Engineer: 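Dropping a structure here in structure tokens format, bear with me for questions.
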Amino acid sequence: MQERYEPAAIEAEAQRYWDEHRSFEVTEDPSREKYYCLSMFPYPSGRLHMGHVRNYTIGDVVARFMRMQGRNVLQPMGWDSFGLPAENAAMANGVPPAKWTLDNIATMKSQLKALGFAIDWSRELATCRPEYYRWNQWLFLRMLEKGIAYQKTGIVNWDPVDKTVLANEQVIDGRGWRTGALVERREIPMYYLKITDFAEDLLEALAHLPGWPERVRAMQANWIGKSEGVRIGFPYEIDGVRGVLHAFTTRADTVMGVTFCAVAAEHPLATHAAAGNAELAAFIEECKRGPTIEAEIATQEKKGMATGLSVRHPLTGEDVPLWVGNYVLMSYGEGAVMGVPAHDERDFEFAKKYGLAVKPVIDVDGRPYSTEAWQSWYGEHGRCVNSGKYDGLDFQAAVDAVSADLERLKLGEKRITWRLRDWGISRQRYWGCPIPIIHCEACGAVPVPDDQLPVVLPENLVPDGSGNPLLKDAAFLACTCPRCGRAARRETDTMDTFVDSSWYFLRYACSDNQRSAVDERVRYWLPVDQYIGGIEHAILHLLYSRFWTRVMGELGLIVGFKEPFTHLFTQGMVLNEAFFRKTETGRIEYFNPADVDVSVRDGRRVAVLRKDGGVVESAGVITMSKSKNNGVDPQVLVDELGADTARLFTMFAAPPEQTLEWSDEGVQGAFRFIKRLWKAVYEHVSAGAAAPLDKARLSEAQRSIRRQAHHTLGKVTDDIGRRRTFNTAIAAVMELLNALSKFPQQTPLDRGVMQEALEIAVISLSPIVPHVTHALWRGLGHSTALIDEPWPSVDAAALEQSSVQMVVQVNGKLRSHITVSAGADEEVVRKAALADAHVQKFIAGGTVRKLIVVPGKLVNVVV
RNA sequence: GCGAAUGUGGCGGAAUUGGUAGACGCGCCAGGCUUAGGACCUGGUGGGGCAACCCGUGCGAGUUCGAGUCUCGCCGUUCGCACCA
């Protein structure tokens, strides 16, 4: 074993060993228990970023740990390689998205390999390859047959200058990002998937996912948004036409407090009213130019306009004025709300602004209601007042009575409404999976027959920002109708990239199968035992994957499971300080932290750009991103200090589900620790082979070290295996190493204890820093490869202690410590505590009223 | 706006089931060593106080023998909001 720790050589050697022995290629083996450990596949954006390093290191630690626990571990990797950034890069560089994407994959794959992840590369897939996306198309056609996929119109952001559909992120302050033109809402035909048919099951099953974080389950439940309420009909007669305006409410008990109704700008009644009302038509146009993003709709100023029409209250028969409101969503409920200003904060605000009546009809514990200003309790449940026959009823009784009356009048009924909407998958983009449809003038939209799949996306086009380039590709467009054989036009919309990522985890089980989407190997590997990815995917990707898995079950393609991911781990974001300067034009320019020196002058932190010596301002510690130029290139770190240091720091600096702050000093600390471990092993083995450990002859000091070593092993096993708190596992090994550095090496028995303790330290850290531990294991005299070693078990005998220290409190405050024998009964502990001189001092002058003993831990004397 | 998290020394964080607040690391201070290294080693380091002790986990209340942990109210930060992935 050499004296110096040289990460480059050590890591190359370990990786060569794993490659030569194909250590991580796995096959189905029914005699062994499988473990499918999956990290969310990356979008090939160019180079790896720290978020990837963190994500894949977490997965790798779990995979290696489970492998040492004896499981048949599958850890695959692939590329989520369709999407908008490739089109943007194509426009910027004049390179086709395909070339840009494949180049990025090559770069990032070599970076992943340099980090030493235990990946089975033989199963690699990329969603932009026809071998993958042909099965998207095939599955889409099956859903079309089943009625799960269907066509209807949907609203998109339309840039009138570029004549193109924009993604939400391409709309900045209501304008197109390239043209600056005011974006319009436009309704176009699209394909949807009926995820709402699965809403009940998707919601109910959340209760049976104990391996998922509570917060993700809560977010999904709220997203699905089941509300039980009443659909209320407000009859009207407008221009001689009779009809009923339906509004959904969860507060039917407040129906007697209705003072207006409001509909969305797209509602048919709004359109009708606008026909003879130019001012209203202009307002509706304004609403339609407004934001499409729910967060912006909810935060914008609430605006409305009276239609001049009114509807009739179903129970009182009174006229209720009808308004158009910019806060009413067409996509939720009926696109209309009944306005009860007295008991709904948004309605209150709206009524105050437009001088509508506020009519309190709920009494909450007799508290006085004032229409002056909104109080948070106005929205609480209570008893009906000022409500005629419903007076005195509580919430549930009132809802029951109102809905029964409405039902009798055929003007309403109890109803369940979901917030979840069907999933629109059509995208007017080039770089995605073509939707396999052919448009025939005679036959309409005709599915592409299975034997014509895949519909291959041409890979040589370069988008220019104005519309989908497929629309100009004659070779792609031209086709014949499968039904009538006449010339027809190919669909140019592609699929949402969330389709690609909704089932890739199934495909890893059989990515080499060119004849079917999935096969029997899925039964062995699925469901995924541990899924790891960013918290930002908590809702959409994870919900779509749960939906897709159910659909594939209904199609009879997979059996035995409905939930794709048994355990879910959501890792936090990686943050770093960002530095900027305002240019003379007021533009903000960001500088990479690697080019900035921070020092302390006169007690104040000063950041200076190295290039020009000028001061830059700090924007604080924020998420690493391209736009803030505060990313750290993992490759630089790997080249300078090695993959193990990169892995150790990202696992040590924060608990994995929380945000991680980058720190160059912290990285040095991680590197220093690996060097200390190396040195400890080097010094130990330099003195020759250690004698076998004779456990019967250990001194108290030796027993104590051995106890700590086994205690550490137990803690690491629990921290990695159950708690997934890798930071505390590492801290425990650091403590062990600190103790070992103070442990004298005088007798052969000392060296035996040391050998065992160092082996525990090396094995414990091996899932986290696999390269250096691979070398150290050899250094400690083993001819085996550490990756093939079983995870050791704790020697219970080593943990035994003859006496324990207990804390003594007086009135809850720490006053003293006592040492008692390990199994001492309560009476002995009481006496020892009361006899303690320090305790005596604090109980003098009072009487002991109570004495609480927590065995093995603490005594509290209450005076 | 709605939903979900989160808040502890100079900094990242620990305290797993209501039981010693600050493990471990960074930084800083003091000393040592020197083959001057990306050094390394030893000791110290929440605040106040000479001390005995006192104070201390975003703010304000509460439950309890005992609260960083539980309950209620407020404030700040972060993530998501359906076409970024």
Side-chain angles (χ1 to χ4, degrees), chain A residues 40 42-43 45 80 82-85 88 154 156-157 165-171 213-216 218-219 221-223 225 292-300 302 327 331 345-346 419-421 423-429 496-498 501 534-541 543-544 570 572-573 575 622-623 640-641 649 652-655 657-673 675-676 679 715 718-719 722-723 725 727-728 730-735 738 741 805-809 811-814 817 841 849-852 854 857-863:
Chain A
M40 290 181 186
Y43 178 79
S45 54
D80 187 13
F82 272 139
L84 200 53
N88 296 338
V156 294
N157 305 307
V165 175
L166 299 178
N168 282 340
E169 76 160 11
Q170 297 173 315
V171 180
E214 183 54 47
R215 64 167 158 163
V216 175
M219 280 192 265
N222 289 327
W223 185 262
T292 53
I293 298 170
E294 199 184 311
E296 289 178 21
I297 293 169
T299 47
Q300 72 183 346
K302 282 169 198 55
Y327 68 98
S331 54
E345 189 169 3
R346 280 188 312 179
R419 213 184 73 93
L420 183 67
R421 309 198 293 260
W423 174 16
I425 60 156
S426 295
R427 296 292 180 270
Q428 298 69 43
R429 302 256 165 70
D496 180 4
T497 56
F498 275 123
S501 55
I535 182 67
E536 67 274 17
H537 295 291
I539 295 173
L540 291 178
H541 162 60
L543 190 62
Y544 291 149
T570 50
M573 315 285 279
L575 317 181
I622 52 180
T623 311
E640 286 182 359
L641 298 178
F649 174 73
F652 178 63
E657 69 268 67
Q658 285 174 33
T659 55
L660 181 151
E661 283 187 31
W662 196 257
S663 155
D664 287 329
E665 292 79 18
V667 171
Q668 288 298 330
F671 184 62
R672 196 175 301 148
F673 172 69
K675 280 193 293 185
R676 289 221 305 140
K679 196 174 147 194
K715 176 155 178 63
D718 189 48
D719 283 355
R722 179 182 64 89
R723 298 176 66 209
T725 52
N727 55 327
T728 54
I730 295 164
V733 181
M734 286 175 169
E735 281 187 78
N738 288 345
S741 71
Q805 203 184 51
M806 290 178 72
V807 165
V808 188
Q809 299 179 330
N811 291 335
K813 288 192 176 175
L814 175 66
H817 296 270
K841 190 173 120 192
R849 287 222 309 256
K850 207 168 174 183
L851 211 148
I852 290 133
V854 182
K857 271 196 173 162
L858 162 148
V859 182
N860 189 11
V861 185
V862 185
V863 183

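Proteins come first, then strands; the chains are lettered A, B, ... in the order of their sequence lines, and each starts at number 1. A quick note: this is a predicted structure, and the numbers were derived from the prediction, not measured.
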Engineer: Quick check against the 3.5 Å criterion: does A:N157 have a side-chain atom that pairs as donor or acceptor with the backbone of A:L166?
Structural biologist: yes

Engineer: Between A:R421 and A:M573, name the one whose nearest nucleotide on RNA chain B is closer to the 5' end.
Structural biologist: A:M573

Engineer: Could you tell me whether A:R215 and A:E657 have a side-chain N and a carboxylate O separated by less than 4.0 Å?
Structural biologist: no

Engineer: For B:C29 versus B:U34, give the span between their P atoms, rounded off to a whole number of Å.
Structural biologist: 23 Å

Engineer: Do any side-chain nitrogens or oxygens of A:R723 fall under 4.0 Å of OP1 or OP2 in B:U16?
Structural biologist: no

Engineer: Name the orientation class of the two ring planes belonging to A:F498 and A:H541 (parallel below 30°, tilted from 30 to 60°, perpendicular beyond 60°).
Structural biologist: parallel

Engineer: Between B:C81, B:U20, B:C83, which nucleotide gets closest to the side-chain atoms of A:A295?
Structural biologist: B:C81

Engineer: Indicate for each nucleotide in nucleotides 22-36 of chain B, in 5' to 3' sequence, whether protein heavy atoms under 4.0 Å reach the base (B), only the sugar-phosphate (S), or nothing (-).
Structural biologist: -BBSSS---------

Engineer: Say you draw a straight line from NE2 of A:H537 to OG1 of A:T570; how long is it, rounded to the nearest 0.5 Å?
Structural biologist: 11.0 Å

Engineer: Should B:C53 form a Watson-Crick or G-U wobble pair with both distances under 3.5 Å, which nucleotide is its partner?
Structural biologist: B:G48

Engineer: Going by purine N1 to pyrimidine N3 plus the second Watson-Crick contact, or the G-U wobble pair, all under 3.5 Å, which nucleotide sits opposite B:U35?
Structural biologist: none

Engineer: For the side chain of A:Q170 and the backbone of A:A167, is there at least one donor-acceptor N/O pair under 3.5 Å apart?
Structural biologist: yes

Engineer: Compare side-chain N and O positions of A:K857 against OP1 and OP2 of B:U20 and report whether any pair is under 4.0 Å apart.
Structural biologist: no

Engineer: Only pairs with both distances under 3.5 Å count, Watson-Crick or wobble alike; so what is the partner of B:A4 in this structure?
Structural biologist: B:U78

Engineer: Starting the side chain at C-beta, find the nucleotide from B:U16, B:G13, B:A85 nearest to A:T659.
Structural biologist: B:G13

Engineer: For the CZ atom of A:F649 and the CZ atom of A:F671, what is their distance to the nearest 0.5 Å?
Structural biologist: 15.0 Å

Engineer: Taking the side chain of A:R215 as heavy atoms from C-beta outward, which of B:C83, B:G1, B:A4 is closest to it?
Structural biologist: B:A4

Engineer: Among B:A4, B:C79, B:C55, which is the nearest nucleotide to the side chain of A:M219?
Structural biologist: B:A4

Engineer: Under a 3.5 Å cut-off for both distances, is B:U42 Watson-Crick or wobble paired, and to whom?
Structural biologist: B:A30

Engineer: Sticking with atom C1', work out how far B:G58 lies from B:U69, rounded to a whole angstrom.
Structural biologist: 16 Å

Engineer: I need the CG-P distance between A:L420 and B:A82, as an integer number of Å.
Structural biologist: 13 Å

Engineer: For atom P, what is the distance between B:C79 and B:C74, given to the nearest Å?
Structural biologist: 23 Å

Engineer: Looking at B:C72, which nucleotide sits across from it as a Watson-Crick or G-U wobble partner, both distances under 3.5 angstrom, or is there none?
Structural biologist: B:G60

Engineer: Measure from the side chain of A:L814, starting at C-beta and using heavy atoms only, and say which of B:A21, B:C81, B:U42 lies closest.
Structural biologist: B:A21

Engineer: Does B:G12 have a Watson-Crick or wobble partner in any strand here, with both distances under 3.5 angstrom, and which is it?
Structural biologist: B:C24

Engineer: Keeping A:N811 on the side-chain end and A:V863 on the backbone end, is there a donor-acceptor pair under 3.5 Å?
Structural biologist: yes

Engineer: Ignoring hydrogens and angles, are the base of B:U16 and the side chain of A:K715 linked by a donor-acceptor pair under 3.5 Å?
Structural biologist: yes

Engineer: Work out how far the C1' atom of B:G32 is from that of B:G66, and round it to whole angstrom.
Structural biologist: 46 Å

Engineer: Where the side chain of A:E294 is defined as all heavy atoms beyond and including C-beta, which of B:G12, B:U16, B:C81 is the nearest nucleotide?
Structural biologist: B:C81

Engineer: Give me the distance, rounded to whole Å, that separates B:C41 from B:A85 when you measure between the P atoms they each carry.
Structural biologist: 49 Å

Engineer: Which one, B:G12, B:G1, B:G19, comes nearest to the side chain of A:A298?
Structural biologist: B:G1

Engineer: Measure from the side-chain heavy atoms of A:E661 and tell me the nearest of B:G12, B:G38, B:G3.
Structural biologist: B:G12

Engineer: Can you list the steps and then say if A:R419 with A:E294 is a salt bridge (Lys or Arg N to Asp or Glu O under 4.0 Å)?
Structural biologist: CA-CA 12 Å; A:R419 213 184 73 93; A:E294 199 184 311; 3.4 Å; yes

Engineer: Look through every strand shown and name the nucleotide pairing with B:C65 as Watson-Crick or G-U wobble, where both distances are under 3.5 Å.
Structural biologist: B:G19

Engineer: Quick one: on RNA chain B, does A:N811 or A:N222 contact a more 5' nucleotide (nearest heavy atom)?
Structural biologist: A:N222

Engineer: Where the side chain of A:Q809 is defined as all heavy atoms beyond and including C-beta, which of B:C83, B:U20, B:C55 is the nearest nucleotide?
Structural biologist: B:U20

Engineer: Report the nucleotide, chosen from B:A85, B:C79, B:A4, that has the shortest atom-to-atom distance to any side-chain atom of A:T623.
Structural biologist: B:C79

